[in-house]
Amino acid sequence: MLDAAVSVFARRGFRATSMDEIAEAAGVSKPLVYLYLKSKDELFTACVRREAKALSAAVRASVEAGAAPDRQLWSGLLGFFRYTAEHPDGWNLLYGQARSGGAPSADEVAAMRVEIVEFVTALIGTAAREAPCVPVLADREVRALALALVGAAESLAGSSANGRETAATLMNFAWAGLGNLLAGRPWSP
């Protein structure tokens with residue numbers, strides 16, 4: 001039922017989707033949908049929670065623990081882009097539908113985003129602490145770098161069916177700057 005709901009919500013949006021459509025797509029009766037989830041808001045929220053949890057788990061599971069910082073960022077990005085390419089309805093639900101006005105679950109998506117930003121912040125912070133040449137980066141700078149990387153990834157998700165190519169594009173963009181910064185060569189105006 002959740003798979004069908006994710007697909008319909010992703011395609012039609014929260015407001016335009018009816019419980020009749022979801023029941024039909026799931027191959028069940030409308031009363032059965034209401035038996036499990038009391039309202040369209042509750043069903044949408046359940047879909048968003050499931051998709052957010054799955055995306056976050058995919059990113060975390062893909063990061064190579066103990067690898068060099070660039071490999072950790074690469075594997076995390078690869079996990080993110082593979083997941084969004086393999087689950088386009090889930091990504092559209094999270095990024096396109098749940099974040100829009102009128103959706104009941106914008107807070108759920110915001111919480112998932114905060115979790116991913118914190119995870120990336122920790123990765124970049126660890127890289128900065130372990131870099132032999134880097135001057136100490138302030139927590140504010142590390143968080144800003146993480147926010148920029150997550151925002152760029154969100155913007156590129158869905159731009160290609162090949163998650164590996166998209167991850168490589170963003171890694172080439174991001175690591176050129178991060179690599180220089182960690183080597184003690186920050187850009188300066």
Side-chain angles (χ1 to χ4, degrees), residues 2-7 9-11 44-100 103 105-131 134 137 139 141-183:
L2 288 180
D3 289 340
V6 166
S7 178
F9 281 132
R11 189 175 63 253
F44 189 81
T45 300
C47 291
V48 168
R49 279 189 187 131
R50 185 187 79 165
E51 296 303 311
K53 184 177 178 179
L55 174 60
S56 183
V59 170
R60 287 180 179 280
S62 66
V63 172
E64 298 173 39
D70 63 326
R71 294 300 304 176
Q72 288 188 345
L73 285 174
W74 161 251
S75 60
L77 286 171
L78 188 56
F80 174 81
F81 287 118
R82 280 188 175 153
Y83 187 85
T84 59
E86 292 169 5
H87 301 91
D89 286 344
W91 176 246
N92 186 34
L93 179 78
L94 291 172
Y95 193 73
Q97 303 301 328
R99 291 177 57 165
S100 66
S105 310
D107 291 344
E108 299 283 337
V109 176
M112 174 208 60
R113 189 172 196 277
V114 165
E115 180 184 332
I116 290 175
V117 167
E118 287 173 359
F119 183 63
V120 174
T121 299
L123 290 175
I124 294 171
T126 299
R129 284 187 299 280
E130 293 175 1
V134 69
L137 290 176
D139 290 342
E141 291 174 289
V142 171
R143 182 160 173 75
L145 292 167
L147 283 165
L149 187 60
V150 169
E154 289 171 344
S155 295
L156 289 173
S159 66
S160 168
N162 187 327
R164 187 175 185 84
E165 284 179 7
T166 308
T169 297
L170 185 53
M171 194 64 188
N172 280 319
F173 174 75
W175 195 255
L178 285 172
N180 281 329
L181 187 61
L182 295 175

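In this text, all values refer to a predicted model and were calculated from it rather than measured experimentally.
Residue pairs that meet the salt bridge (charged side-chain N to carboxylate O under 4.0 Å, His left out) test with at least one member in residues 159-178, sequence neighbours left out, do not exist here.
Note that NZ of K53 and CZ of R49 are 11.0 Å apart. Values are rounded to the nearest 0.5 Å.
Residues satisfying the ring-ring contact (aromatic ring centres under 6.0 Å, His included) criterion with Y83, sequence neighbours excluded, are H87. In this structure, the salt bridge (charged side-chain N to carboxylate O under 4.0 Å, His left out) partners of E115, at least two apart in sequence or on a different chain, are R60. With sequence neighbours excluded, no residue forms a side-chain hydrogen bond (donor to acceptor under 3.5 Å, both in side chains) with E86. Applying the side-chain hydrogen bond (donor to acceptor under 3.5 Å, both in side chains) test to T169 and every residue at least two apart in sequence or in another chain returns nothing. Residues passing the side-chain contact (heavy atoms from CB on, under 4.5 Å) test with A167 are W74, L77, L78, F81, sequence neighbours excluded. With sequence neighbours left out, the side-chain contact (heavy atoms from CB on, under 4.5 Å) criterion links S7 to R11, D89. By the side-chain contact (heavy atoms from CB on, under 4.5 Å) test, A67 pairs with E64, R71, Q72, sequence neighbours left out. Taking W91 as the reference, F80, Y95 meet the ring-ring contact (aromatic ring centres under 6.0 Å, His included) condition, with sequence neighbours excluded. Partners of V142 by side-chain contact (heavy atoms from CB on, under 4.5 Å), not counting sequence neighbours, listed by chain and number: T121, I124, L137. When the side-chain hydrogen bond (donor to acceptor under 3.5 Å, both in side chains) test is applied to R113, the partners found at least two apart in sequence or on another chain are E154. Not a single side-chain hydrogen bond (donor to acceptor under 3.5 Å, both in side chains) links D70 to another residue, sequence neighbours left out.
L147 has its side chain out of reach of V120: every pair of non-hydrogen atoms, C-beta onward, lies at least 4.5 Å apart. Contact of the C47 side chain with the L93 side chain is registered, since non-hydrogen atoms from C-beta on lie closer than 4.5 Å. At a threshold of 4.5 Å between non-hydrogen side-chain atoms, the residues L149 and V117 do not count as touching.
When all heavy atoms of G79 and S62 are compared, the closest pair comes out as CA-OG, 3.5 Å. Residues T84 and A157 share a closest heavy-atom pair of OG1-CB, 3.8 Å.
R50 pairs in a side-chain contact (heavy atoms from CB on, under 4.5 Å) with only one of the listed residues (L2, L55, T45), which is L2.
Of the possible donor and acceptor atoms, none in the side chain of N92 sits under 3.5 Å from a partner among the backbone N and O of P88.
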Subject >> Check against side-chain contact (heavy atoms from CB on, under 4.5 Å), V63 and F119 >> reply: CA-CA 10 Å; V63 172; F119 183 63; 3.5 Å; yes
